[in-house]
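Remarks on the structure that follows.
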Amino acid sequence: MILGIIPARFGSTRFPGKPLIDISGKSMIQRVYVQAKKSKSMAKVVVATDDERIAQHVKRFGGEFVMTNQHHTSGTDRCFEALQKTEGTYDFVINLQGDEPFIDPSQIDLLAELLNEDQTELATLAIPVNSSELLFNESEVKVVLNKDKEALYFSRNVIPFLSGIDKKEWHKKYNYYRHVGIYAYRKDVLEKVTRLAPSSLEKAESLEQLRWLENGFNIKVGITHFESHCIDTPEDVERVLKLTGKAH
């Protein structure tokens, strides 16, 4: 069975109170929760939070929540605590981003399909890069894959470098992918990765998943064609509403 967990902190540096912002009549965390519940793959969905305001809000709209420690440095750590505190026996955990209110449920199901492969320890998603602007945007994390669709490396930089080709044409000459920040973990692997010390590559790129690669874990990557719309700042709200056609 798969447990879906939505980590939600109130104290975001760039956008305090982000989970509770109103997006066309519903809070962001409610929108993520509703979309997650549409997935056919997860036995249960819970919000993992360290804030009573978020917990009470989730309770009011009929969702389930788990209170977690305030001092977690990552969503992965928060997920492991939430797994320990959630009743039931689960084989896998899917970590859903609390700031993607319009995630498509089929993306979650695609990720869950990767867990059916016996060798899968960790899994995530990626989307083909279709523009030079996206490719060279350092806010967009790129992922390099091997022939088996396993992650070789994640970077904010563009890898590989294409020698002798105009950079504006790179996305047309090579299959680049950008990372969609949703993760699946086998239960025992989730426990193992939370016990790893921060790695040199992780610190260099500020990307937690590099810690897993640096310690020899395999990350399967599913290819999705649904656009990922993350809300990091107040300015992102209207932009995402326009992109999704949900603006007033």
Side-chain angles (χ1 to χ4, degrees), residues 5-7 12-14 72-80 92-100 103 107-108 110-115 117 119-162 167 170-171 173-186 189-232 236:
I5 302 176
I6 309 170
S12 168
T13 305
R14 286 185 290 182
H72 290 306
T73 57
S74 71
T76 299
D77 293 337
R78 197 174 301 282
C79 280
F80 181 56
F92 301 97
V93 169
I94 289 182
N95 176 356
L96 297 150
Q97 296 300 304
D99 53 10
E100 292 199 11
I103 185 171
Q107 289 181 299
I108 302 169
L110 171 62
L111 187 64
E113 285 177 22
L114 299 177
L115 299 175
E117 300 178 21
Q119 302 304 312
T120 300
E121 297 178 323
L122 299 144
T124 191
L125 297 180
I127 185 169
V129 175
N130 57 15
S131 76
S132 179
E133 289 76 19
L134 278 174
L135 185 60
F136 288 94
N137 182 347
E138 293 182 1
S139 296
E140 294 286 349
V141 175
K142 275 71 68 175
V143 56
V144 184
L145 308 178
N146 68 13
K147 64 181 179 61
D148 296 320
K149 294 289 192 297
E150 296 170 338
L152 288 170
Y153 194 71
F154 295 84
S155 182
R156 301 181 189 280
N157 221 327
V158 182
I159 301 173
F161 179 92
L162 298 189
K167 288 186 176 181
W170 279 14
H171 68 287
K173 304 295 183 181
Y174 186 86
N175 292 326
Y176 289 99
Y177 296 95
R178 56 192 175 97
H179 184 219
V180 178
I182 173 176
Y183 296 106
Y185 321 82
R186 203 172 69 203
V189 173
L190 174 58
E191 180 173 5
K192 289 175 183 175
V193 297
T194 58
R195 301 190 190 287
L196 297 173
S199 72
S200 58
L201 289 176
E202 174 189 9
K203 291 175 182 177
E205 295 254 19
S206 198
L207 296 173
E208 178 193 16
Q209 61 270 37
L210 291 175
R211 184 193 313 183
W212 312 338
L213 290 180
E214 202 167 352
N215 280 276
F217 289 95
N218 289 327
I219 306 175
K220 291 289 291 186
V221 181
I223 306 303
T224 178
H225 293 275
F226 286 100
E227 286 293 334
S228 176
H229 299 295
C230 181
I231 294 177
D232 282 327
D236 287 336

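Everything numeric in this text was worked out from a predicted model, so none of it was measured. Because only heavy atoms are used, hydrogens play no part in the values below, and waters and symmetry mates are left out as well, while side chains stay in.
Remark: the backbone N or O of Asn218 is not paired with any side-chain donor or acceptor of Lys220 at under 3.5 angstrom. Between the side chain of Arg178 and the main chain of Leu134, no donor-acceptor pair closer than 3.5 Å is present. Side-chain N or O atoms of Tyr176 include none that pairs as donor or acceptor with a backbone N or O of Ile159 at under 3.5 Å. Checking side-chain atoms of Arg156 against main-chain N and O of Ser206 turns up a donor-acceptor pair under 3.5 Å. Remark: the backbone N or O of Leu210 is not paired with any side-chain donor or acceptor of Glu205 at under 3.5 angstrom. A donor-acceptor pair under 3.5 Å links the side-chain atoms of Asn215 to the main chain of Arg211, judged by distance alone. Asn146 contributes a side-chain N or O that, together with a main-chain N or O of Asp148, makes up a donor-acceptor pair within less than 3.5 Å.
The closest side-chain heavy-atom distance from Ile223 to Pro128 is below 4.5 Å. Under the 4.5 Å side-chain criterion, counting only non-hydrogen atoms from C-beta, Leu111 is not in contact with Ile108. In this structure, the side chains of Val143 and Thr124 stay at 4.5 Å or more apart for every pair of heavy atoms.
Shortest non-hydrogen contact noted between Leu114 and Gly222 is CD1-N, 3.4 Å.
The ring-ring contact (aromatic ring centres under 6.0 Å, His included) with Trp212 is formed by just one residue from the set Tyr183, Phe217, Tyr153, Phe154; it is Tyr183.
Taking the centre and axis of the six-membered ring of Trp170, the NZ or CZ atom of Lys167 falls inside the cone set by 45° and 6.0 Å.
Summarising the local packing, CD of Gln119 is surrounded by 12 or fewer heavy atoms from other residues, nucleotides or ligands at distances under 6.0 Å.
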